[in-house]
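One-based numbering, in listed order, for ligands and for the atoms of each. Just so it is clear, the values below take in all heavy atoms, side chains as well, and ignore hydrogens, waters and symmetry mates.
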Amino acid sequence: MAARPQIREVMASKRISRRRFAGIAAWSTLGLSAPSVASAQAGKSGPNRATFPRGFVWGTATSSYQVEGAVNEDGRGPSIWDRFAHLPGTISDRSTGDTACDHFHRYKEDVRLMKALGTKAYRFSIAWPRVFPDGTGKPNPKGLDFYDRLLDELSAAGIEPYATLYHWDLPQALQDRSGGWTQRETPKAFADYSAYVAKRLSDRVKCFFTINECSRHVHLGHGEGADAPGLKLSRQEQNQVRHHIALGHGLAVQAIRAHARAGTKVGPAENAVSCIPAIETSENIRAAEVATRELNAGYLTVMMEGKYTDAYQASADAPKFTAEDLRIISSPIDFLGVNVYTPDHYVVAASNERGYTLAPFPASFPHMKAGWLKPGPEAIYWVPRHVAKLWKVKSIYITENGTSSSDQPAADGSIYDLDRIMYLRNYLTQLQRATSEGVPLRGYFLWSLMDNFEWGDGFEQRFGLYHVDFETQRRTPKLSAAFYRETIARNAVA
Ligand code: GBH
């Protein structure tokens with residue numbers, strides 16, 4: 001067995017953590033200047049080692065508005081998030097993404113941070129309003145320059161790019177002119193933008209994700225009004241928005257097939273409603289599968305089956321659609337990306353009409369720093385297993401997983417984010433369990449590379465492996481960065 005990384009007794013003051021080691025500050029105070037040789041060898045084989053499959057893709061994830069900043073550079077137009085974040089009362093700490101992590105200017109340093117972790121993949125998103133400042137029409141000639149530079153830097157570092165086409169930063173012009181996702185113009189505009197990006201970037205980007213988390217964009221953006229565009233629509237109207245987003249996904253899949261280089265792969269990145277058997281009996285497992293299919297009826301299920309479930313169609317809030325829409329929505333995909341943070345429901349089999357009960361969470365159920373983030377590591381085992389079983393999915397990525405932490409620097413200046421490590425260790429153990437049982441998982445993207453603009457929570461919820469000081473833009477690895485690096489080196493949970 002390999003030794004666990006040891007945290008040295010820290011005698012040094014903050015000065016030590018400011019020292020730079022191999023270009024990265026503070027690795028040394030965290031007890032790891034390089035992954036240990038013993039553990040790297042242990043990862044190679046050993047019949048009893050719980051390793052991940054050979055070639056398993058380890059990465060980190062970010063999104064454009066959350067990290068880039070530079071909102072007025074190179075001809076970028078405003079997005080619904082620029083507008084929303086500048087309204088009074090929308091962001092808890094009154095911050096905006098105007099500067100965020102200044103990744104637009106600091107991407108070279110940030111690629112070095114990825115390299116220092118040993119990651120071989122990076123999931124980022126492209127800002128639609130950089131490419132089409134007006135949403136549609138003439139592309140901005142400088143719109144993809146930043147991504148060209150980023151892709152070249154990633155390639156030089158041996159890091160494979162995975163690009164998300166839409167992580168909620170809709171061009172404001174589309175919201176104003178045609179009601180955003182409430183209308184059918186937006187899915188069409190999304191397809192045109194996707195076609196253009198695919199044509200331009202598919203020489204280097206081999207894997208695209210269409211839309212990040214339709215579920216949250218609908219619920220918080222168009223239902224609760226807590227995310228941009230800040231709408232509070234009825235349930236039926238929200239389901240219509242969901243239908244249009246699903247249509248946008250399908251049209252983008254077709255656009256990529258038509259315009260990208262042969263072999264380019266595409267799929268969604270969805271926060272599936274996660275249904276966990278409360279106890280692992282065959283009845284509860286079956287009930288959790290049924291619940292997964294029904295509770296994802298408006299997006300993943302229709303994408304995979306080409307039809308809305310009977311119950312969903314029969315509900316008073318069902319969207320309006322055509323048969324042609326369903327054919328487009330269910331265009332074949334190459335992989336399924338799932339963001340998994342938390343168990344949404346623990347399921348118990350029942351003899352009611354649906355066949356299941358969603359057990360209410362007791363008030364004493366624990367949560368991480370964010371109140372919504374309940375630790376339930378089995379979620380990352382069951383979500384991939386359910387989708388593989390229900391829809392015969394052959395290739396699955398965990399497109400996001402991670403947690404925020406209070407991340408207070410200790411007296412020595414280091415951030416010992418033990419709760420994040422606990423969370424990751426438990427989730428990754430369950431993920432390894434899924435791979436060992438043959439669930440076709442290809443890779444894992446940890447959210448997030450670095451602390452960033454956490455939407456309505458501003459800079460108050462930090463999800464990064466690297467701490468970001470938003471005054472100075474200084475990046476510092478937390479202890480979890482060392483944990484992740486060690487895990488990658490072993491290809492097994494550290
Ligand atoms: C993801 O959402 C996002 O893709 C990413 O941009 C974000 O930074 C990251 O995770 C961390 O949050 O306010 O009670 O209605 C995570 C999944 C699902 C979390 C919906 C917030 C709403 C909780 N999200 N959830 S509530």
Side-chain angles (χ1 to χ4, degrees), residues 59-68 79-81 84-85 90-93 95 97 100-101 103 123-127 162-170 209-228 230-232 238 242 245 268-275 295-296 298-300 337-345 361 365 367-376 379-380 383 397-405 407 420 423-424 427 444-466 468 480:
T60 56
T62 63
S63 89
S64 45
Y65 188 69
Q66 293 180 274
V67 300
E68 284 179 3
S79 79
I80 56 174
W81 265 99
F84 185 78
T90 54
I91 312 298
S92 60
D93 59 359
S95 61
C101 304
H103 174 68
R123 174 177 175 245
F124 63 98
S125 82
I126 294 167
Y162 288 70
T164 307
L165 288 162
Y166 183 72
H167 202 121
W168 311 337
D169 43 0
L170 187 76
F209 296 107
T210 53
I211 288 166
N212 182 73
E213 285 193 20
C214 166
S215 55
R216 172 166 173 173
H217 199 36
V218 173
H219 175 232
L220 293 188
H222 297 79
E224 302 286 317
D227 276 3
L231 301 181
K232 293 183 177 169
Q238 288 177 57
R242 197 185 317 279
I245 295 178
E270 183 58 4
N271 194 317
V273 177
S274 59
C275 301
L295 299 180
N296 289 286
Y299 197 67
L300 282 183
V338 279
N339 296 359
V340 182
Y341 286 90
T342 195
D344 291 307
H345 301 289
F361 281 89
F365 201 98
H367 63 79
M368 306 300 292
K369 185 180 187 229
W372 59 268
L373 215 176
K374 301 183 177 77
I380 210 168
V383 170
Y397 287 92
I398 301 298
T399 33
E400 288 178 26
N401 171 248
T403 184
S404 55
S405 161
D407 285 343
R420 181 174 288 108
Y423 176 98
L424 293 173
Y427 276 69
Y444 170 89
F445 294 89
L446 197 151
W447 185 276
S448 180
L449 174 67
M450 57 190 160
D451 297 338
N452 56 49
F453 178 74
E454 177 57 16
W455 309 114
D457 290 323
F459 298 114
E460 292 180 336
Q461 295 283 352
R462 296 174 170 272
F463 277 80
L465 293 172
Y466 289 91
V468 176
S480 58

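In terms of the side chain to side chain donor-acceptor pair (under 3.5 Å) criterion, residue partners of D451 (sequence neighbours excluded) are, by chain and number, R462, K478. Partners of Y341 according to the ring-ring contact (aromatic ring centres under 6.0 Å, His included) rule, which considers only residues two or more places apart in sequence or in another chain, are W372.
Under a 3.5 Å cut-off, the side chain of R242 and the backbone N or O of V218 do not form any donor-acceptor pair.
Between D407 and R420, at least one side-chain nitrogen of the basic residue sits less than 4.0 Å from a carboxylate oxygen of the acidic one, meeting the salt-bridge criterion.
Taking the centre of each ring, Y397 and Y444 stay at or above the 6.0 Å mark.
Using a 4.0 Å heavy-atom criterion, the residues that approach ligand 1 are Q66, H167, W168, N212, E213, R216, H219, L220, N271, N339, Y341, W372, E400, W447, E454, W455, F463.
The salt bridge (charged side-chain N to carboxylate O under 4.0 Å, His left out) contacts involving residues 219-228 comprise R216-D227, where partners must be two or more places apart or lie in separate chains.
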